[in-house]
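Position 1 is the first residue of the sequence; numbering continues from there.
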Amino acid sequence: QVQLVESGGGLVQAGGSLRLSCAASGRTFSSYAMGWFRQAPGKGRDFVAAISRIGSSTYYAEFVKGRFTISRDNAKNTVYLQMNSLKPEDTAVYYCAARKIGAARTGPDDYNYWGRGTQVTVSS
């Protein structure tokens with residue numbers, strides 16, 4: 001089992017940047033594909049980005065391509081989400097998730113473990 005703790009959220013003006021971090025417990029972090037999802041008030045949980053176990057492959061939702069970058073540091077048991085050119089519609093709670101078996105996926109149901117989330121608010 002792995003425990004995930006997100007950090008780095010906050011309030012930022014439109015056009016600004018934030019870097020989210022997700023720290024994982026345990027010694028087997030490199031065996032998990034990782035993903036970032038987000039959930040705005042009254043909406044479902046949307047896929048944002050995912051990264052393979054060794055970081056060789058990344059996947060993005062269309063609405064963040066060119067603005068967000070997912071990366072990981074397996075030595076630090078951490079996955080990151082660099083968010084640039086933020087828009088008010090990016091306002092949401094951002095969650096990281098770990099997938100124990102298989103390649104990175106874009107569906108929330110494909111992930112086994114979830115953090116509690118970090119709030120990102122983008123003002124116009």
Side-chain angles (χ1 to χ4, degrees):
Q1 189 170 353
V2 63
Q3 293 182 329
L4 306 172
V5 179
E6 303 94 336
S7 62
L11 174 64
V12 64
Q13 288 187 332
S17 298
L18 284 173
R19 187 174 84 153
L20 305 183
S21 299
C22 173
S25 64
R27 301 179 181 179
T28 59
F29 178 70
S30 60
S31 68
Y32 294 89
M34 300 296 296
W36 284 97
F37 293 78
R38 71 187 190 187
Q39 188 165 15
K43 297 188 177 180
R45 193 164 293 191
D46 293 328
F47 169 73
V48 176
I51 189 166
S52 61
R53 283 172 279 183
I54 62 172
S56 56
S57 298
T58 56
Y59 309 87
Y60 296 94
E62 283 296 324
F63 54 79
V64 303
K65 279 185 178 178
R67 300 190 298 126
F68 292 9
T69 303
I70 188 171
S71 61
R72 67 189 297 163
D73 185 339
N74 286 345
K76 295 183 177 180
N77 282 15
T78 302
V79 62
Y80 304 98
L81 185 68
Q82 177 66 45
M83 305 188 296
N84 299 328
S85 302
L86 282 161
K87 305 175 181 180
E89 51 263 44
D90 294 318
T91 295
V93 177
Y94 283 72
Y95 298 89
C96 74
R99 173 177 164 85
K100 185 170 177 61
I101 299 174
R105 291 287 186 266
T106 61
D109 291 343
D110 293 318
Y111 288 80
N112 307 100
Y113 306 106
W114 292 83
R116 293 187 176 185
T118 185
Q119 177 70 47
V120 171
T121 303
V122 184
S123 64
S124 57

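- Here CD of Glu89 is found 10.0 Å from OG of Ser124. Values are rounded to the nearest 0.5 Å.
- A heavy-atom distance below 4.5 Å is found between the side chains of Ser123 and Gln13.
- Donor-acceptor pairing under 3.5 Å is recorded for the side chains of Tyr94 and Arg38.
- If you look at Tyr59 and Phe47, their ring centroids are not closer than 6.0 Å.
- With Arg72 contributing its side chain and Ser52 its backbone, the two residues share a donor-acceptor pair below 3.5 Å.
- Minimum interatomic distance between Ala103 and Ala33 (heavy atoms only, all atoms of both residues): C-CB, 4.1 Å.
- When all heavy atoms of Cys22 and Leu4 are compared, the closest pair comes out as SG-CB, 3.9 Å.
- In this structure, OH in Tyr32 is found 10.5 Å from CG in Asn77, a value given to the nearest 0.5 Å.
- The main-chain N or O of Phe29 is never found under 3.5 Å from a side-chain atom of Asn74 such that the two would form a donor-acceptor pair.
- Counting heavy-atom neighbours within 6.0 Å of Ile54 CD1, excluding the residue itself, gives a total of 12 or less.
- Checked by atom type and distance alone, the side chain of Asn112 pairs as donor or acceptor with a backbone atom of Lys100 at under 3.5 Å.
- The hydrophobic clustering, which links ILVMFWY residues whose side-chain heavy atoms are closer than 4.5 Å, places Ile70 and Tyr80 apart.
- Thr69 contributes atom OG1, which lies 11.0 Å from atom CZ of Arg67 (distance to the nearest 0.5 angstrom).
- Tyr111 and Tyr60 are not part of a single hydrophobic cluster, where members link through side-chain heavy atoms under 4.5 Å apart.
- Under the 4.5 Å side-chain heavy-atom criterion for ILVMFWY residues, no single connected hydrophobic cluster contains both Val2 and Tyr95.
- Both Leu81 and Tyr113 are assigned to one and the same hydrophobic cluster, defined by single-linkage of ILVMFWY side chains at heavy-atom distances under 4.5 Å.
- Not one N or O on the side chain of Glu6 forms a donor-acceptor pair closer than 3.5 Å with the backbone of Leu20.
- Residues Thr91 and Gln119 meet the side-chain proximity criterion, which asks for heavy atoms closer than 4.5 Å.
- Between the CZ atom of Arg53 and the OG1 atom of Thr28 there is a distance of 11.0 Å, given to the nearest 0.5 Å.
- Residues Trp36 and Phe68 form no side-chain contact, since every pair of their non-hydrogen atoms from C-beta on lies 4.5 Å or further apart.
- If you take CG on Asp109 and CZ on Arg45, they are separated by 10.5 Å, rounding to the nearest 0.5 Å.
- A continuous path of hydrophobic side-chain contacts links Val48 to Leu18 [ILVMFWY only; heavy atoms under 4.5 Å].
- Using a 4.5 Å heavy-atom cutoff, the side chains of Asp90 and Met83 are not in contact.
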